[in-house]
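Read through the structure below, which is laid out as structure tokens, and then see the notes.
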Amino acid sequence: MEVKTINGLGLSRYRGKKLERAFFRRGAEAVARELIGSVLVRTVDGVRRMAMITETEAYVGTHDLACHASKGRTRRTEIMFGPPGYAYVYLIYGMYHMLNIVTADEGDAQAVLLRGAQPMDHWDAVLTGPGKLAGAFQITLADRGTDMTGDELYIVKNAGYHLNVITTPRIGIDYAGEWKHAPLRFVGT
DNA sequence: TATAAGATCGCCT
DNA sequence: GGCGATCTTATAC
């Protein structure tokens with residue numbers, strides 16, 4: 001993979017390899033942290049779009065009160081209990097799609113929410129915020145269960161550009177009790 | 001069958 | 001900083 005430029009980051013070349021299932025078969029916290037600086041790829045309207053991931057959140061299992069899987073294994077959360085590397089997509093507030101990727105072994109319901117990214121290759125898009133990111137990549141409920149180690153929607157490993165990673169509590173989960181303070185949001189700067 | 005609330009965003013003051 | 005849009009999901013009746 002090669003990209004001529006990355007908007008705003010001053011890169012002149014980009015090389016990386018697709019993340020495989022083994023990468024996602026680990027805990028959501030490690031995956032979320034390491035996804036900062038990696039590149040989300042999908043062909044949208046016939047054009048291959050890429051964006052460097054700059055913000056993620058980890059949802060670490062059924063014991064995590066902020067994680068949808070804490071409600072149990074339902075039709076909605078079923079995908080999170082499955083094998084890693086698949087897309088968990090849901091609609092929030094009736095209008096915004098959220099793109100997550102399932103992590104950890106089958107039966108261990110963990111996932112990473114992709115919250116923000118930096119468009120690459122002169123793509124004029126605003127990807128600051130999970131709703132905007134999913135919108136720009138045209139993620140819909142139809143993408144639930146998509147294999148993100150396949151060719152349609154995938155992530156490429158960060159190759160060379162090192163981002164400093166800041167850790168903060170997650171956004172919009174005031175209902176999560178003790179878990180609302182957990183430092184599971186990762187932001188690249 | 002009905003209801004309440006949500007891993008957000010943009011517009012308003 | 002506050003609020004409304006808009007609909008899936010879970011839970012209650």
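The sequence lines fix the lettering, A, B, ..., with proteins before strands; numbering per chain opens at 1. In this text, all values refer to a predicted model and were calculated from it rather than measured experimentally.
- Near DNA chain C, meaning a heavy atom under 4.0 Å from it, residues 82-103 of chain A has A:Leu91, A:Tyr93, A:Gly94, A:Met95 in order of number.
- Considering only side-chain N and O atoms, A:His68 lies under 4.0 angstrom from the phosphate OP1 or OP2 of B:dA7.
- The aromatic ring of A:Tyr175 does not sit over the base of B:dG6, since the test of centres under 5.5 Å and planes under 30° is not met.
- For A:Glu29, the CD atom counts as loosely surrounded, since its 6.0 Å shell holds 12 or fewer non-hydrogen atoms of other residues, nucleotides or ligands.
- Counting to the nearest Å, the P atom of B:dT8 and the CG atom of A:Leu127 are 16 Å from each other.
- With C:dT8, C:dA10, B:dT8 as the choices, the nucleotide that has an atom nearest any side-chain atom of A:Thr74 turns out to be C:dA10.
- In this structure, A:Arg185 reaches neither bases nor backbone, as no heavy-atom distance under 4.0 Å exists between it and the strands shown.
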Check your understanding: Dot-bracket for DNA chain B, 5' to 3', with Watson-Crick and G-U pairs under 3.5 Å, [ ] for crossing pairs and | for other-strand pairs: what is it?
Key -> ||||||.|||||.
Exercise for review: Could you walk me through whether A:Val60 and A:Leu184 pass side chain to side chain contact (heavy atoms under 4.5 Å, CB included), step by step?
Suggested key: CA-CA 9 Å; A:Val60 298; A:Leu184 293 173; 4.0 Å; yes
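- Closest approach of A:Ala109 to A:Ala69, counting heavy atoms only: CB-CB, 3.5 Å.
- Look at CG on A:Leu113: it is 11 Å from C1' on B:dT8, rounded to the nearest Å.
- Between the C1' atom of C:dT9 and the CZ atom of A:Arg73 lies a distance of 18 Å, rounded to the nearest Å.
- Look at CD1 on A:Ile171: it is 10 Å from P on B:dC9, rounded to the nearest Å.
- Taking the side chain of A:Lys132 as heavy atoms from C-beta on, and the options C:dT11, B:dC9, B:dA7, the nearest nucleotide is B:dC9.
- Distance alone, capped at 3.5 Å, places no donor-acceptor pair between the A:Arg185 side chain and the A:Thr56 backbone.
- Distance, A:Arg76 CZ to C:dC7 P: 16 Å, rounded to whole Å.
- A salt bridge links A:Arg115 with A:Glu57: the distance from a Lys NZ or Arg NE/NH1/NH2 to an Asp or Glu carboxylate oxygen falls below 4.0 Å.
- With A:Asp143 as the partner, the side chain to side chain donor-acceptor pair (under 3.5 Å) test is satisfied by one option alone out of A:Gln138, A:His97, A:Arg42: A:Arg42.
- Atom CG in A:Leu65 sits roughly 14 Å away from atom P in B:dG6 (whole-Å rounding).
- With rounding to whole Å, A:Glu55 atom CD is found 10 Å from B:dT8 atom P.
- The side chain of A:Arg115 places an N or O atom within less than 4.0 Å of a non-bridging phosphate oxygen (OP1 or OP2) of B:dT8.
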Exercise for review: Go through the steps for A:Asp121 and A:Arg48 under the test salt bridge (charged side-chain N to carboxylate O under 4.0 Å, His left out), then give the verdict.
Suggested key: CA-CA 10 Å; A:Asp121 201 24; A:Arg48 191 181 63 174; 6.0 Å; no
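- One finds no salt bridge joining A:Asp108 and A:Arg25 here, because no Lys/Arg side-chain nitrogen approaches an Asp/Glu carboxylate oxygen to under 4.0 Å.
- Between A:Tyr88 and A:Tyr90, the ring centre distance stays below 6.0 Å.
- Here the C1' atom of nucleotide B:dA5 and the CD1 atom of A:Ile173 are 16 Å apart, to the nearest Å.
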